[in-house]
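For reference, the structure discussed in these notes is given below.
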Amino acid sequence: ACCSYRLRDALHPLWQSPLTIPGGTRQSPINIQWRDSVYDPFLKPLKISYDPTTCLHIWNNGYSFLVEFDDSTDRSIIVGGPLENQYRLKQFHFHWGAINDWGSEHTVDSKFYPAELHLVHWNAVEYPSFEEAVMEGNGLAVIGVFLKLGARHEGLQTLVDALPAVKHKDTVIEFDVFDPSCLLPSCPDYWTYAGSLTTPPLTESVTWIIKKKPIEVDEDQLEAFRMLLFTSDGEEEKRMVDNFRPLQPLMDRTVRSSFQ
Ligand SMILES: NS(=O)(=O)c1ccc(C(=O)NCc2cccc(F)c2F)cc1
Ligand SMILES: [Zn+2]
């Protein structure tokens, strides 16, 4: 089962490089089996303080669209939770499906959500740059938030309205004030585990913090994600959909929960 799982895993169309890195023991994403997660009373509440003026631009990088932040100072940071240090916000992006039945990278009890938000932070206390932090076991902290189909999300709409301007790969638009904390559910509960980047170079440097509660977005907002393109202007159009990595084996890991 294991090798066929990896073979099927490796044949996934979107990923050119090997899907499971040789010797990878902490790959992401994973299925979070709620009943197997272990409540850790020593986990602290996650403290999030973002400065909306650190927002820079939106960029279609050919995998997803990224909202990038000025990470030259500690103005937008997270601290607490499972983290030993404070981590600086560098960018956030999403993963989504062609239809609402799938799209998230992580699953909960094998359930997919239509999309998943990743807020990417790096350990600027211990490392001089993001590029260095990406290579270290405690270099990154990514907050994952599930998106479910429901009411229109007013905070997300300002972002959705800008997407037509970054339809093609390698297009950028200035986006100068946005507070990503509006995209977080009010419930403080989360799961956390040691994992990796879910796109190449798949480095095992991420402390994942997955929020238990999803946020709600409406169909039009999901459709706006799906009208983006993987392809550059002038190339044959390929819709940017199903940009999520297949599930990876849990191996010798425990998922901890901040709640009972
Ligand atoms: N989906 S996710 O949240 O796990 C994820 C987060 C960040 C990145 C990333 O920054 N890639 C570019 C990259 C990779 C390595 C080194 C870099 F400097 C770099 F910018 C990739 C995946
Ligand atoms: Zn991601």
Side-chain angles (χ1 to χ4, degrees), residues 9 12 14-21 24-32 46 56-72 76 78 81-83 87-97 102-107 112-124 126-147 156 159 169-170 172 180 183-184 190-211 214-215 225 228 230 240-248 253 255:
D9 197 333
H12 190 277
L14 186 60
W15 308 102
Q16 309 314 322
S17 65
L19 268 170
T20 44
I21 55 172
T25 59
R26 52 176 279 192
Q27 288 291 293
S28 295
I30 59 168
N31 174 51
I32 296 169
L46 192 60
L56 293 174
H57 52 250
I58 308 174
W59 170 39
N60 177 334
N61 71 351
Y63 274 115
S64 180
F65 66 93
L66 280 67
V67 180
E68 298 204 284
F69 288 77
D70 170 5
D71 61 350
S72 60
S76 289
I78 58 171
L83 306 171
Y87 286 65
R88 253 183 224 171
L89 176 66
K90 179 169 181 55
Q91 52 106 327
F92 69 82
H93 63 273
F94 298 81
H95 303 262
W96 60 91
W102 59 73
S104 59
E105 296 215 295
H106 292 86
T107 54
F112 283 95
Y113 285 89
E116 184 174 333
L117 159 65
H118 289 158
L119 293 140
V120 182
H121 311 75
W122 60 281
N123 181 346
E126 295 188 14
Y127 308 112
S129 71
F130 172 81
E131 287 71 12
E132 307 233 352
V134 170
M135 311 310 287
E136 303 291 337
N138 68 341
L140 303 184
V142 181
I143 298 176
V145 181
F146 295 117
L147 276 62
L156 183 69
L159 190 49
K169 178 181 176 188
D170 294 332
V172 188
L183 299 175
L184 294 167
Y190 62 85
W191 289 284
T192 183
Y193 77 96
S196 74
L197 297 181
T198 64
T199 61
L202 304 170
T203 43
E204 299 185 330
S205 54
V206 181
T207 299
W208 281 95
I209 298 166
I210 307 288
K211 301 294 286 185
I215 59 169
F225 287 13
L228 295 169
F230 283 128
M240 185 180 274
V241 292
D242 298 334
N243 55 356
F244 58 93
R245 189 190 190 194
L247 292 170
Q248 300 298 310
R253 289 180 285 183
V255 177

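Values below: all heavy atoms of this structure, side chains included; hydrogens, waters and symmetry mates excluded. Numbering of ligands and ligand atoms starts at 1, following listing order. One-based numbering along the sequence shown. What you see is a predicted model; the values in this text were computed from it and never measured.
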Quiz prompt | Closest approach to the Zn ion (ligand 2) by His95, given as the N, O or S atom name | solution = NE2
Quiz item: Applying a strict 4.0 Å limit to heavy atoms, is Gln91 in contact with ligand 1?
Solution: yes
Quiz item: Would you say Thr203's side chain and Val134's backbone share a donor-acceptor pair under 3.5 angstrom?
Solution: yes
Quiz prompt | Nearest-contact summary for atom 8 (C) of ligand 1 - protein heavy atom, Å | solution = Leu197 CD2, 4.0 Å
Practice problem: Just say parallel, tilted or perpendicular for the rings of Phe225 and Phe65, cut-offs at 30° and 60°. | Solution: perpendicular
Quiz item: Can you find a side-chain donor-acceptor pair between Glu136 and Asn123 that sits under 3.5 Å?
Solution: no
Quiz item: Within the side chain of Trp208, is there an N or O that forms a donor-acceptor pair under 3.5 Å with the backbone of Trp191?
Solution: no
Quiz item: Distance-only, no hydrogens or angles: does the Glu132 side chain make a donor-acceptor pair with backbone N or O of Tyr127 under 3.5 Å?
Solution: no
Practice problem: Ignoring hydrogens and angles, tell me if any N or O in the side chain of Glu204 forms a donor-acceptor pair with the backbone of Thr25 under 3.5 Å. | Solution: yes
Exercise. Return the name of the atom in His118, of element N, O or S, nearest to the Zn ion (ligand 2).
Key: ND1
Quiz prompt | Protein residue, atom and distance nearest to atom 10 (O) of ligand 1, heavy-atom basis | solution = Phe130 CZ, 3.2 Å
Quiz item: Identify the closest protein heavy atom to atom 1 (N) of ligand 1: which residue and atom is it, and at what distance?
Solution: Thr198 OG1, 2.8 Å
Quiz item: At a 4.0 Å threshold, what atoms of ligand 1 neighbour a non-hydrogen atom of Thr199?
Solution: 21 (C), 22 (C)
Quiz item: Looking only at heavy atoms, is any part of Val134 under 4.0 Å from ligand 1, and if so is it the side chain, the backbone, or both, or is it neither?
Solution: side chain
Quiz item: Taking Arg253 for the side chain and Gln27 for the main chain, is one N or O donor matched with an acceptor at less than 3.5 Å?
Solution: yes
Exercise. Mind checking whether His95 contacts ligand 1 via backbone (N, CA, C, O), side chain (CB onward), both or neither, at a 4.0 Å heavy-atom cut-off?
Key: side chain
Exercise. Heavy-atom contacts with Glu131 under 4.0 Å: which atoms of ligand 1 show up? List them by number with element.
Key: 18 (F)
Practice problem: Please could you name the atoms of ligand 1 that Trp208 approaches to less than 4.0 Å, counting only its heavy atoms? | Solution: 3 (O), 4 (O)
Quiz item: Any protein heavy atom lying closer than 4.0 Å to atom 12 (C) of ligand 1?
Solution: no
Quiz prompt | Polar side-chain atom of Gln248 near backbone of Pro246 as donor-acceptor pair, under 3.5 Å | solution = yes
Quiz item: Which residue supplies the protein heavy atom nearest to atom 14 (C) of ligand 1, what is that atom called, and how far is it?
Solution: Pro201 CD, 3.3 Å
Quiz item: Does any N or O in the side chain of Glu116 come within less than 3.5 Å of the main-chain N or O of His106, such that one atom is a donor and the other an acceptor?
Solution: yes
